[in-house]
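Worth saying up front: this structure is predicted, and the values here are computed from it rather than measured. Lettering follows sequence order; numbering is per chain, from 1.
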Number of protein chains: 2
Amino acid sequence: MNTPISIIVVEDDPIVLHRFMTMFTSNPRFTLVAACSNATTAHSVINASHADVLLTDLGLPDGNGLDLIRQCTEQHPDTHIMVISVFGDEKHVITAIEAGATGYILKDDESMEVEQAIVQLCAGGSPISPAVASHLLKRLRPEADEIKLTKAELEILRFIAKGYTAQEAADLKHISYHTVTSHIKSIYRKLHISTRAEAVHEAVKRHLL
Amino acid sequence: MNTPISIIVVEDDPIVLHRFMTMFTSNPRFTLVAACSNATTAHSVINASHADVLLTDLGLPDGNGLDLIRQCTEQHPDTHIMVISVFGDEKHVITAIEAGATGYILKDDESMEVEQAIVQLCAGGSPISPAVASHLLKRLRPEADEIKLTKAELEILRFIAKGYTAQEAADLKHISYHTVTSHIKSIYRKLHISTRAEAVHEAVKRHLL
DNA sequence: CGGGTAATCCCCTGTTCTGGGGATTAATTG
DNA sequence: CAATTAATCCCCAGAACAGGGGATTACCCG
């Protein structure tokens, strides 16, 4: 509450940039470390200085906002990164998050207040526009591709994933070696595959493990 | 905009429930289909009727809110499910999302407006409290585990995960069969494992794939 | 009650892995 | 520059796997 939150802003649109500058210079809770309007400048600013928050656009004229995020994540792991963009599509969103952003607000999202979002960001939260968050949820709960393995098959699959041989799994489950291989063959049939590694891969993808 | 959003509310706290009832009966944009104060009633309501939105608590006196979500997801796949809970921990959050919730607001989150969130929910968005969203991000971008596989090893690993044999991978990469098996042996050494299935399993766990 | 399916068991044959051993040639890095 | 590591190549033997066949028992659902 006492020490102000220091911020670096990167935004190519002069009008929006000006809005941010006003926002962060007129409010005593914030300190504006730098305001950049292109990627090149931003790269050197991030290189030379440190801030609590990097607030950045994704579409820069002379480079990619993602690279800024990657650079910042690497050089200043403790800086919170907030994306403010017009892009709400899955590709942009996922890439930005994977690059290290922990906040993502759409420019046309009326429901989010930037100042408040930044405070939440510094408190460890992740302010995300609803339209953006839906992409993340999709990733977490990808459609159950409704191929069902039986209980026995799943158990065998778990043994396989742990590296047990068919014989070892058989011993552990006190069933015949032939039963185990038989289950494995069923798994192959159901998942349209033909190796153990592939089985584990598919099972993970389909959230069966 | 014209047709009101129909809602089923499940909430055991009478005061909060009353607040919701007022909220949805006094606003013409919403229609309150039902308001339940326990899981049992809610189960039969969901069974018998349909709504655009299920707004539910997680901590019910006579059952689990998660089961409500699961039931609703199954019986009414087109109903949007919003969780309003005091629980913001990872376990509750992830389970609820995986069960089918597409919105998750913390009860003490001042920054979210329930009415607005529900509208966004119906528009395909996912209103999520920042503190909750941070758990989701963690899932998507968990820390890179320190064991490093080389580029060549990773490539081979990807082939293995897809079910290719060493010979096939060798042909595709135009290198010797021996090189491929050699890389595989390195992978085994680094990950302390001994089968392909295990390699895929570990690689997924460590987010190398 | 009959059909479907899960779970269990068995055989056979050719292919592929696993896990030892070694070697050479770049790069990288202290 | 010396040491290390990556990336490439090679050999071998025994173990495990893939994929084909068939079989029995038991349970659930309509």
Side-chain angles (χ1 to χ4, degrees), chain A residues 70-71 74-75 144-209, chain B residues 47 71 74-75 144-209:
Chain A
R70 293 199 188 94
Q71 185 199 349
E74 194 152 311
Q75 289 184 21
D145 255 337
E146 270 347 308
I147 286 179
K148 274 192 222 132
L149 297 186
T150 68
K151 204 187 301 177
E153 286 160 359
L154 272 177
E155 279 188 83
I156 300 298
L157 194 50
R158 277 188 263 274
F159 281 117
I160 289 178
K162 285 183 189 153
Y164 291 108
T165 67
Q167 186 58 63
E168 285 168 343
D171 293 346
L172 286 166
K173 271 183 59 75
H174 304 295
I175 58 176
S176 157
Y177 162 81
H178 301 290
T179 308
V180 174
T181 58
S182 183
H183 285 311
I184 293 173
K185 280 188 273 193
S186 304
I187 295 171
Y188 289 167
R189 228 180 303 113
K190 288 187 183 177
L191 300 183
H192 309 292
I193 54 179
S194 66
T195 72
R196 283 144 190 257
E198 216 175 342
V200 173
H201 193 211
E202 276 299 305
V204 170
K205 270 210 308 203
R206 299 172 192 233
H207 294 94
L208 303 173
L209 276 183
Chain B
N47 198 43
Q71 185 199 348
E74 193 152 312
Q75 288 184 22
D145 261 330
E146 43 346 288
I147 291 182
K148 274 191 222 131
L149 296 186
T150 68
K151 205 187 300 178
E153 285 161 359
L154 271 178
E155 279 188 83
I156 300 299
L157 193 49
R158 278 187 263 275
F159 280 119
I160 290 178
K162 284 184 189 153
Y164 291 109
T165 68
Q167 186 58 64
E168 286 168 342
D171 293 345
L172 286 167
K173 269 183 60 74
H174 304 294
I175 58 176
S176 158
Y177 159 81
H178 303 289
T179 308
V180 174
T181 57
S182 185
H183 285 310
I184 293 172
K185 280 189 271 195
S186 305
I187 295 171
Y188 288 167
R189 231 180 301 113
K190 289 187 183 175
L191 301 183
H192 309 293
I193 54 177
S194 66
T195 71
R196 283 142 190 254
E198 218 176 342
V200 172
H201 192 212
E202 276 299 307
V204 171
K205 269 211 307 202
R206 297 169 193 244
H207 300 92
L208 303 173
L209 279 182

>> Nearest whole Å is fine: how far is C:dT16 P from A:Ile193 CD1?
In response: 17 Å
>> How many whole angstroms separate atom CZ of B:Arg189 from atom P of C:dG21?
In response: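 Whole-Å distance recorded here is 11 Å.
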>> Base contacts versus sugar-phosphate-only contacts with protein, heavy atoms under 4.0 Å: please encode nucleotides 25-30 of chain D as B, S and - from 5' to 3'.
In response: ------
> Between B:Ala166 and A:Lys173, which is nearer to the 5' end of DNA chain C once each is assigned its nearest nucleotide?
Replying inline: A:Lys173
Search all heavy atoms of [X] against all heavy atoms of [Y] and return the closest pair with its distance.
{"X": "B:Ala199", "Y": "B:Leu157", "result": "CB-CD1, 3.9 Å"}
{"X": "B:Ile187", "Y": "B:Glu153", "result": "CD1-O, 3.4 Å"}
{"X": "A:Thr181", "Y": "A:Ala166", "result": "CG2-CB, 4.0 Å"}
{"X": "A:Arg196", "Y": "A:Tyr164", "result": "NH1-O, 4.1 Å"}
{"X": "A:His178", "Y": "A:Ser176", "result": "N-OG, 2.9 Å"}

> Within the structure, does a side-chain N or O atom of A:Arg196 lie under 4.0 Å from either OP1 or OP2 of D:dA18?
Replying inline: yes
> B:Tyr188 side chain N/O closer than 4.0 Å to the phosphate oxygens (OP1, OP2) of C:dG19?
Replying inline: no
> Do other residues, nucleotides or ligands put more than 12 heavy atoms under 6.0 Å from the CD atom of B:Glu168?
Replying inline: yes
> For B:Glu74, does the CD atom have more than 12 heavy-atom neighbours from other residues, nucleotides or ligands under 6.0 Å away?
Replying inline: no
> If you check every side-chain atom of B:His183, which of D:dA6, D:dA18, D:dT8 has the closest atom?
Replying inline: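 Among D:dA6, D:dA18, D:dT8, the one nearest the side chain of B:His183 is D:dT8.
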> So what is the end-to-end bend of the helix from C:dC1-D:dG30 to C:dG30-D:dC1, with 5 pairs used at each end and the value given to 10 degrees?
Replying inline: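 So the angle between the two local helix axes works out to 70°.
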Polar atom pairs between nucleotides 9-14 of chain D and protein, under 3.5 Å, N or O only, would you list them?
unit_1 : atom_1 : unit_2   : atom_2 : d
D:dC9  : OP2    : B:Ser176 : N      : 2.4
D:dC9  : OP2    : B:Thr179 : OG1    : 2.5
D:dC9  : O5'    : B:Thr179 : OG1    : 3.3
D:dC9  : N4     : B:Ser182 : OG     : 3.1
D:dC10 : OP2    : B:Ser176 : OG     : 3.2

> In terms of the nearest nucleotide of DNA chain D, which residue is placed more toward the 5' end: B:Ala152 or A:Thr165?
Replying inline: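 Checking each residue's closest nucleotide, the 5'-ward one belongs to B:Ala152.
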> Can you tell me if A:Tyr177 uses its side chain to pair, donor with acceptor, with the backbone of A:Asp171 under 3.5 Å?
Replying inline: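 A pair under 3.5 Å: no.
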> Got a salt bridge between B:Lys205 and B:Glu202, using NZ or NE/NH1/NH2 to carboxylate O under 4.0 Å?
Replying inline: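 So B:Lys205 pairs with B:Glu202 through a salt bridge.
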